[in-house]
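Report on the structure given below.
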Amino acid sequence: MKFFGITDAISSPEIISITDNNRNSSILLAISTIMLYDRSEGEFTAFLAKFMNDFADNGMIDDLSVRNEIKEGQKHVHPKDVIERMKDYYSKQNVAINCDDFSGYVDFNGDGVIDNNDEETDDSDYPSNPVYEEDLVNSEGLLRQVLGSVYTSLRQFVIGQLQIETARLGKGSSSVNPSSAADRTLYDTWTNAYYTINKANSLLLAMKRKGWNSVLPYYYAETLALRSFVYYQLAVLWGNVPVMIGGEGPTDYVPQRSQSDVLDLALADLLVARDMFGQNNPWGDYYMHFNQSNVSVLLAEVLLTLKQSSQAQQFLQMADAYSCELCIDGYPIYEAEVIEMIANEANGNTEEVVSYWSNRYNHYGTWNALKRLGIATEVASCSENELLFPIPVNELLANPYLTQNPGY
């Protein structure tokens with residue numbers, strides 16, 4: 001409250017609702033509007049995580065980038081427009097809402113004090129209508145830009161994944177503690193996974209509404225494969241995890257699904273994606289994006305995790321050797337040697353495979369393979385429960401439906 005320049009006190013903030021029609025709901029609406037400014041759902045989730053982490057260490061917002069983003073939100077708040085849209089939205093839900101003018105709770109000039117010097121900014125280019133998700137894909141060029149941003153967030157997840165896996169193997173940075181539910185890298189990895197999933201969900205929904213999934217199915221297949229890749233990693237890293245596939249409410253209240261359910265979901269979506277790709281690759285390259293061949297390799301990985309070796313062999317045989325490799329924004333996922341090891345594992349030739357993965361660190365696939373081969377506890381010198389990572393404590397506090405993994 002102090003950070004937003006609000007001097008009022010709220011005795012029970014955890015039970016406030018925007019529909020309360022009182023002073024507290026006005027404060028909540030003011031802060032929510034500032035935080036949500038110019039952000040998609042996925043972008044808001046990531047920003048909120050950044051805000052929470054900065055606040056957690058000393059009860060203050062020290063990160064200059066966070067402070068500046070908040071100031072942008074304060075500068076561009078338009079209470080009258082927000083209130084009109086709130087009333088319109090809730091009237092369609094048959095809910096009576098009487099939003100008060102919350103201008104008195106907005107530090108428009110961002111000087112830290114709400115006073116007579118605060119005036120609403122006149123944005124000449126302020127949109128008269130809200131932007132809906134289908135506007136993300138008004139053209140193929142825009143669709144490609146948005147999809148590129150999903151790959152960028154995926155890269156952040158992969159970076160964190162490699163850090164916590166390498167730490168579990170006793171290598172890498174000593175600042176990463178993979179056994180602590182309060183570890184920052186662990187939390188960032190989890191957050192970036194769901195940030196990527198949320199962005200993929202928004203894009204999939206936008207393509208469906210716009211009809212691109214039938215006109216340009218390659219991009220839809222690619223986004224579906226990208227989301228499945230993240231869910232596969234989440235299932236391997238944490239076991240039982242929440243599943244968002246579009247249209248749900250806040251992620252804070254999504255229950256866990258079993259590891260087997262998450263793997264089955266990833267498998268089913270990958271099968272759909274593989275059949276949708278077709279022969280025309282609009283990107284012109286074969287290793288910077290998901291395509292039919294590297295999705296076949298990913299399918300084989302998931303099937304090996306599910307102990308279905310014969311089916312894994314079938315998909316590996318379908319993959320074109322020329323276009324199998326995959327590199328996500330500079331991070332190699334499927335290299336020729338890795339694909340060869342996956343094929344050997346599927347065929348039961350595990351002697352070379354065990355040696356290969358036992359001596360490979362800070363690379364994608366090592367942790368997954370060691371677990372599939374049943375040698376992860378030996379190589380990592382860890383206990384059985386440590387084959388899964390602890391769910392971040394911030395997520396447990398935010399989501400009452402989450403249960404911590406055993407042993408943590």
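Numbering starts at 1 and runs along the sequence shown.
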Point to revise | Residue pair L226 / T196, side-chain heavy-atom distance below 4.5 Å | key: yes

**Study point:** D269 side chain vs L224 backbone, donor-acceptor pair below 3.5 Å
**Key:** no

Exercise for review: Return the minimal non-hydrogen interatomic distance between S214 and P217, and the atom names on each side.
Suggested key: O-CD, 3.7 Å

Review point. If only atom types and distance count, is the side chain of N405 paired as donor or acceptor with the main-chain N or O of P390 below 3.5 Å?
Key: no

**Study point:** Side-chain touch I31/I6, heavy atoms, less than 4.5 angstrom
**Key:** yes

Check your understanding: Side chains of E222 and Y151: donor-acceptor distance under 3.5 Å anywhere?
Key -> yes

Review point. Any idea which heavy atoms bring G104 and I114 closest together, and the distance?
Key: O-CG2, 3.4 Å

Practice item. For Y334, look at atom OH and say whether over 12 heavy atoms of other residues, nucleotides or ligands are found less than 6.0 Å away. Key: yes

Review point. Is a side-chain donor-acceptor pair under 3.5 Å present for E165 with Q161?
Key: yes

Revision key, fill the gap. Rounded to the nearest 0.5 Å, the NZ atom of K210 sits from the CG atom of L143 at a distance of 11.0 Å

Point to revise | Considering all heavy atoms, the nearest A343-L316 contact | key: CA-CD1, 3.6 Å

Check your understanding: Considering only heavy atoms from C-beta outward, does the side chain of N240 approach that of T403 to under 4.5 Å?
Key -> no

Point to revise | Heavy-atom donor-acceptor pair, D183 side chain to P178 backbone, under 3.5 Å | key: no

Review point. N291 side chain to S323 main-chain N or O, any donor-acceptor pair under 3.5 Å?
Key: yes

Practice item. Could you please spell out the steps behind the side-chain contact (heavy atoms from CB on, under 4.5 Å) verdict for L162 and H363? Key: CA-CA 7 Å; L162 294 180; H363 288 278; 5.6 Å; no

Check your understanding: Less than 4.5 Å apart, any side-chain heavy atom of Y105 and any of M1?
Key -> no

Review point. Would a 4.5 Å heavy-atom cut-off, applied to side chains only, mark E69 and F47 as touching?
Key: yes

Practice item. Output, in order, the C-alpha distance, side-chain angles, deciding distance and verdict of side-chain contact (heavy atoms from CB on, under 4.5 Å) for Y37 and I70. Key: CA-CA 9 Å; Y37 169 69; I70 292 293; over 6 Å; no

Review point. Any side-chain donor-acceptor pair under 3.5 Å between Q156 and Y195?
Key: no

Practice item. List the steps and the verdict of side chain to side chain donor-acceptor pair (under 3.5 Å) for E386 and S179. Key: CA-CA 7 Å; E386 289 176 319; S179 293; 3.2 Å; yes

Point to revise | Any donor-acceptor N/O pair, T377 side chain to E384 backbone, under 3.5 Å | key: no

Point to revise | N/O donor-acceptor pair under 3.5 Å between T350 side chain and V353 backbone | key: no

Review point. Using 4.0 Å as the upper bound for N to carboxylate O, is an ion pair formed by E335 and R360?
Key: yes

Review point. Is the charged tip of R155 near the ring of Y331: under 6.0 Å from the six-membered ring centre and within 45° of its axis?
Key: no

Check your understanding: Would you say S139 and L142 make side-chain contact, with heavy atoms under 4.5 Å?
Key -> yes

**Study point:** Euclidean distance, L370 CG relative to R168 CZ, rounded to 0.5 Å
**Key:** 13.0 Å

Revision key, fill the gap. Nearest heavy-atom approach of P392 to W238 is CD-NE1, 4.2 Å

Point to revise | R227 versus N201, side-chain donor and acceptor atoms under 3.5 Å | key: yes

Check your understanding: Is the backbone N or O of G148 less than 3.5 Å from a side-chain atom of T152, with the two atoms forming a donor-acceptor pair by type?
Key -> yes

Check your understanding: If you measure only the distance, is there a donor-acceptor pair under 3.5 Å linking the side chains of D188 and T185?
Key -> no

Exercise for review: Determine whether D63 and F55 make a side-chain contact, defined as any pair of heavy atoms from C-beta on separated by less than 4.5 Å.
Suggested key: no

Practice item. Run the numbers on D107 and F3 for side-chain contact (heavy atoms from CB on, under 4.5 Å), then give the verdict. Key: CA-CA 10 Å; D107 178 20; F3 175 72; over 6 Å; no

Check your understanding: Do you know the tightest heavy-atom contact between L186 and S180?
Key -> CD2-O, 3.5 Å

Exercise for review: Would you check, one step at a time, whether the test side chain to side chain donor-acceptor pair (under 3.5 Å) holds for S65 with K50?
Suggested key: CA-CA 10 Å; S65 67; K50 191 175 180 182; 3.0 Å; yes

Point to revise | Distance-only side-chain donor-acceptor flag, R144 / Y219, under 3.5 Å | key: yes

Point to revise | Under-4.0 Å salt bridge between K80 and D101 | key: no

Check your understanding: According to the interplanar angle, ranging from 0 to 90°, do the rings of Y194 and W190 count as parallel (below 30°), tilted (30 to 60°) or perpendicular (above 60°)?
Key -> tilted

**Study point:** Donor-acceptor contact below 3.5 Å, side chain D261 vs main chain R257
**Key:** no

Practice item. Working to the nearest 0.5 Å, report the span between CD of E301 and CG of N294. Key: 11.5 Å

Review point. Quick one: does Q74's side chain have a donor or acceptor within less than 3.5 Å of a partner on N109's backbone?
Key: no

Point to revise | N/O donor-acceptor pair under 3.5 Å between S153 side chain and V150 backbone | key: yes

Practice item. Decide side chain to side chain donor-acceptor pair (under 3.5 Å) for N368 and Q233; before the verdict, give the C-alpha distance in whole Å, the side-chain angles of both, and the deciding distance to 0.1 Å. Key: CA-CA 8 Å; N368 299 16; Q233 310 310 325; 3.1 Å; yes

Review point. Hey, would you say the F290 and F229 ring centroids sit under 6.0 Å apart?
Key: yes

Point to revise | Value rounded to 0.5 Å, distance of CG in D57 from CG in N53 | key: 9.0 Å

Check your understanding: Any side-chain donor paired with an acceptor under 3.5 Å for Y232 and T305?
Key -> yes

Review point. Any side-chain heavy-atom pair from M341 and W357 closer than 4.5 angstrom?
Key: yes

Point to revise | Test log, rule side-chain contact (heavy atoms from CB on, under 4.5 Å), inputs F389 and I164 | key: CA-CA 9 Å; F389 292 88; I164 61 174; 4.1 Å; yes

Practice item. Look at atom CZ of F51 and say whether more than 12 heavy atoms of other residues, nucleotides or ligands are closer to it than 6.0 Å. Key: yes

Point to revise | Between NZ on residue K199 and CD1 on residue I197, distance to nearest 0.5 Å | key: 13.0 Å

Check your understanding: Around E378, counting heavy atoms of other residues, nucleotides and ligands shown, do more than 12 lie under 6.0 Å from its CD?
Key -> no

Exercise for review: Specify the closest pair of heavy atoms between A319 and S296, including all atoms of both residues, with the distance to one decimal.
Suggested key: CB-CB, 3.9 Å

Review point. When rounded to the nearest 0.5 angstrom, what distance separates CG in L306 from CD in Q259?
Key: 9.0 Å

Exercise for review: Check the surroundings of atom CD in E352: do more than 12 heavy atoms from other residues, nucleotides or ligands lie under 6.0 Å from it?
Suggested key: no

